[in-house]
Amino acid sequence: ALELRAGEAGLKAGQEVTICYGQWPNDVFFLFFGFVPPGNPHDRVVLFPDAKAVVEAVARVTDPVSAPAEAAATIQELCGGDADRLFASAQGLDGRLMAALEGLGLSDAATAD
């Protein structure tokens with residue numbers, strides 16, 4: 001249930017009410033609110049759902065990772081304990097993703113132009 005409060009002063013009849021939905025990427029707006037705001041500066045694309053997916057992707061394009069579970073744990077640690085939903089946005093790559101790539105020894109590839 002959603003409850004809106006007008007505050008101490010209340011609202012006059014016919015006065016416009018607006019709601020701030022917050023700073024979310026487009027998939028959240030679509031799934032929870034049923035619309036996508038045009039030109040959303042907070043939109044992003046999730047590249048990897050978790051640390052394990054980063055390790056699997058790296059193994060597909062480079063040499064296989066010798067200890068994938070340990071590599072995923074290292075990435076999780078490098079990401080401050082939160083390696084979920086590593087993303088790219090108009091502002092660039094998620095800093096946690098950059099830390100994960102550096103942890104796998106791929107910092108040169110991650111920063112190449």
Side-chain angles (χ1 to χ4, degrees):
L2 177 67
E3 180 179 324
L4 297 176
R5 296 180 181 213
E8 298 285 328
L11 293 171
K12 295 180 181 174
Q15 189 174 357
E16 181 179 21
V17 176
T18 60
I19 299 172
C20 176
Y21 289 91
Q23 299 176 354
W24 299 101
N26 286 349
D27 59 330
V28 173
F29 273 104
F30 185 72
L31 290 171
F32 293 105
F33 307 122
F35 71 94
V36 175
N40 180 1
H42 305 289
D43 193 25
R44 55 185 63 164
V45 175
V46 175
L47 301 175
F48 302 102
D50 54 32
K52 181 181 174 194
V54 174
V55 173
E56 291 169 352
V58 167
R60 284 194 301 271
V61 297
T62 65
D63 295 327
V65 177
S66 60
E70 288 83 0
T74 298
I75 289 171
Q76 187 75 17
E77 184 179 321
L78 290 169
C79 293
D82 178 17
D84 292 342
R85 296 181 54 90
L86 300 171
F87 64 87
S89 69
Q91 291 75 35
L93 291 176
D94 184 340
R96 299 171 304 148
L97 178 56
M98 298 303 292
L101 294 174
E102 289 174 9
L104 291 173
L106 299 173
S107 58
D108 292 338
T111 57
D113 290 328

**OP:** State which residues pass side-chain hydrogen bond (donor to acceptor under 3.5 Å, both in side chains) with Gln91; sequence neighbours excluded, sorted by chain then number.
**Re:** Ser89

Subject >> Pair listing, salt bridge (Lys or Arg N to Asp or Glu O under 4.0 Å) test, anchored in residues 25-48, at least two apart >> reply: Asp27-Arg85

Original post:
Taking all atoms of both residues into account, what is the closest heavy-atom pair of Ala100 and Ile75, and its distance?
Top reply: CB-CG2, 3.4 Å

**OP:** Name all residues meeting the ring pair (Phe, Tyr, Trp, His ring centres under 6.0 Å) criterion together with Phe32; count only those two or more places apart in sequence or in a different chain, and write none if there are none.
**Re:** none

Side chains of residues 48-56: which donor-acceptor partners sit under 3.5 Å, not counting sequence neighbours?
from: Asp50; atom 1: OD1; to: Lys52; atom 2: N; distance (Å): 3.3
from: Asp50; atom 1: OD1; to: Ala53; atom 2: N; distance (Å): 2.9

Original post:
What pairs meet the salt bridge (Lys or Arg N to Asp or Glu O under 4.0 Å) rule with one or both residues in residues 28-40, with sequence neighbours excluded?
Top reply: none

**OP:** Sorted by first residue and then second, give each ring-ring contact (aromatic ring centres under 6.0 Å, His included) pair with at least one member in residues 4-23; sequence neighbours left out.
**Re:** Tyr21-Phe33, Tyr21-Phe35

Original post:
CG of Asn26 to CG of Asn40: how many Å apart, nearest 0.5 Å?
Top reply: 4.5 Å

Subject >> ILVMFWY clustering at 4.5 Å (side-chain atoms), partners of Val36 >> reply: Phe30

Original post:
What residues, two or more places apart in sequence or in another chain, satisfy salt bridge (Lys or Arg N to Asp or Glu O under 4.0 Å) together with Asp84?
Top reply: none

Subject >> Counterpart residues, side-chain contact (heavy atoms from CB on, under 4.5 Å), relative to Leu47 (two or more places apart) >> reply: Val45, Ala88, Leu93, Leu97

Subject >> Partners passing ring pair (Phe, Tyr, Trp, His ring centres under 6.0 Å) against Phe87 (at least two apart in sequence or in another chain) >> reply: none

Original post:
Please, which pairs that meet side chain to side chain donor-acceptor pair (under 3.5 Å) have at least one residue in residues 8-17, sequence neighbours excluded?
Top reply: none

Original post:
Distance-only, no hydrogens or angles: does the Arg96 side chain make a donor-acceptor pair with backbone N or O of Gly80 under 3.5 Å?
Top reply: no

Original post:
Closest heavy-atom contact between Leu86 and Asp94?
Top reply: CA-OD2, 3.7 Å

